[in-house]
Amino acid sequence: MSFNEGLDELITCRLDHVRRAVEPCTIVIFGASGDLTARKLIPALYHLFKDKQMPPDFRIVGFARREKTDASWRGELHEALTQFSRSKPVDETVWSAFAAKVHYCVGDISDAAAYQKLAGLIGSFSSAPLRQNLLFYLATMPSQFGMAAEYLHSVKLLHRGGEQGWQRLVIEKPFGHDLASASALNHELTRFAHEQQVFRIDHYLGKETVQNILTFRFSNSIFERLWNRDAVDHIQITVSEKLGVGGRGGYYEEAGALRDMVQNHILQVLALVTMEPPVSLDAEPIRDEKVKVLSAICRFQPDEVARRVVRGQYTAGSVGGESRGAYREEVKVDPRSNVETFVALKLFVDNWRWAGVPIYLRTGKALPISASEVRVQFKPTPNVLFAAQCGTRLDANALTLRLQPNEGISLRFNGKVPGVGYGLRPVRMHFGYDAEFGAYTSEAYERLLLDAMGGDATLFIRRDEVEQAWQIVDSIRAGWDGVGLDDREFYAAGSWGPRLAHELLAQSGHAWREPQLIK
Ligand code: BG6
């Protein structure tokens, strides 16, 4: 055994024992004909089954309007799996065993009779757990979430509180379009289910690298000590995407970058980066701390929006050598649309740990690369020793958490350039998931579906988290209300957003660091 192997054995803490056993259950997918089901949900469930993570018995029921039989739906899913599975080719023996547990129920989500039919199908399953432990995955239009819950309740498939078995609702985003609609939806859902039965999904929380933020912060003493306003100069979170809006123009016209990415994924990452240590790793203490830090984020006054938030929309350009049309030319997009495809903002967390530390967030479509990362930049040293070599500004230390791709963490610090002179240069220490743990394969949806079946809500968003996030987003939208985009807010596809986004940081002597794709 090598030294490292021995070390691994000594220090690897296995937390698997805390994972609850997953009981036999039925998963009902509303919106079964949709993209999410084919691309993410079925591949995730198939892989869980292949990896022997699914409960000892289960059924999957697809519920949608299109006429299909069990056999024809299974055929479609097999095709989708061939395309979207993370491990190819599809293992046909595993698939046959999996497909035998997959059923289809034709029905309109707004038709009471369809729920009777669904109840009939579920009632025909052979064992009580398959009939009583029910996970309803609502991958449908948000306006239908409440209605589906009500109908499920009326046919006794959804009980508020578990008299028999358990029933849970998994809710896809968008969870409302502002605070008022999110609160109304929360209210509606909790008429038919307890908050503990509602699992609001944010697939960023299913990513290994996002889960690693808490592990990294709270299992290492050297960084946590510096994780505060005394040592941190500022924080940058970038979630950039090369893709435009593609076929999702209709949805995106209602959402925009702020609602699509900031309200959920980016504020969740920010909460994990800035929250206080929870008292335990259970769902509620973690979510309590996230709520606390979200509530400490200063809401934007209307006049601050113009100073601290930049929005943008892509025009024609070229991304990675491929020419791209403008957002306004995308399918189902208004040719005079003022919807933002880019947003950059500066905020403050007004609490003891972070007061006065600028936190910059940015996200956009049609940017030069797809990359998500968090950069914590530390305060510079008093540069009394090296001013002659490097001028007044020495490169400051920075820690970058690369969420995707090239998952890993890098620490940047200054080193002496070898030689007789005294040159200084920033260098990096890297930790890469690939090198350390081998090819990393599991998908966010696998983890999230397994947790939802097991009743572990840690990686799901609680009602008050959603509401806090909407308060922040609404305070920005209030400053945009009725104000169209001006020329300075457009950016060419393939650039890093409007110039204004760079000026936002320059005002405080900062600059965006573009994510590096490490080879
Ligand atoms: C989704 C957004 O929630 O996240 C999409 O609706 C976005 O617009 C996607 O492209 C990004 O997810 P990922 O995992 O590819 O970073």
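Note that ligands are numbered from 1 as they come in the structure, with each ligand's atoms numbered from 1 the same way.
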Open item on the list: Which label fits His265 and His203: parallel for a plane angle under 30°, tilted from 30 to 60°, or perpendicular past 60°?
Closed with: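 His265 vs His203 ring planes: perpendicular.
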Open item on the list: Please verify the inter-ring angle class for Phe216 with Trp227; under 30° counts as parallel, over 60° as perpendicular, anything in between as tilted.
Closed with: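 Plane angle over 60°, so perpendicular.
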Task: Candidate pair Arg428 and Ser410, rule side chain to side chain donor-acceptor pair (under 3.5 Å), full reasoning - done: CA-CA 6 Å; Arg428 289 197 187 89; Ser410 299; 5.2 Å; no
Open item on the list: Could you go through Glu188 and Arg191, starting from their C-alpha distance and side-chain angles, then the distance that decides it, and tell me whether this counts as salt bridge (charged side-chain N to carboxylate O under 4.0 Å, His left out)?
Closed with: CA-CA 5 Å; Glu188 211 178 339; Arg191 280 173 57 212; 5.3 Å; no
Task: Geometric cation-pi criterion, Lys173 with Phe175: 6.0 Å, 45° - done: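 Not satisfied by the 6.0 Å and 45° rule.
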Can you list the ligand 1 atoms lying under 4.0 Å from a non-hydrogen atom of [X]?
| X | value |
| --- | --- |
| Lys207 | 13 (P), 14 (O), 16 (O) |
| Tyr204 | 12 (O), 13 (P), 14 (O), 16 (O) |
| Lys365 | 5 (C), 7 (C), 8 (O), 10 (O) |
| Asp260 | 2 (C), 5 (C), 6 (O), 8 (O) |

Open item on the list: Which option wins on minimum heavy-atom distance to atom 5 (C) of ligand 1: Arg248, His203, Arg259?
Closed with: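 The residue whose heavy atom sits nearest atom 5 (C) of ligand 1 is Arg248.
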Task: Options Lys173, Lys40, Glu241, Gln404, ranked by nearest heavy atom to atom 11 (C) of ligand 1, top entry - done: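 The nearest heavy atom belongs to Glu241.
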- [ ] Could you walk me through whether Tyr137 and Phe30 pass ring-ring contact (aromatic ring centres under 6.0 Å, His included), step by step?
- [x] CA-CA 6 Å; Tyr137 199 110; Phe30 287 84; over 10 Å; no
Open item on the list: So for Tyr252, does at least one of its heavy atoms come nearer than 4.0 angstrom to any atom of ligand 1?
Closed with: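 The answer is no, since Tyr252 has no heavy atom less than 4.0 Å from ligand 1.
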Open item on the list: Would His265 count as a polar contact of ligand 1, with the cut-off being nitrogen or oxygen pairs under 3.5 Å?
Closed with: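 In this structure, His265 places an N or O atom under 3.5 Å from an N or O of ligand 1.
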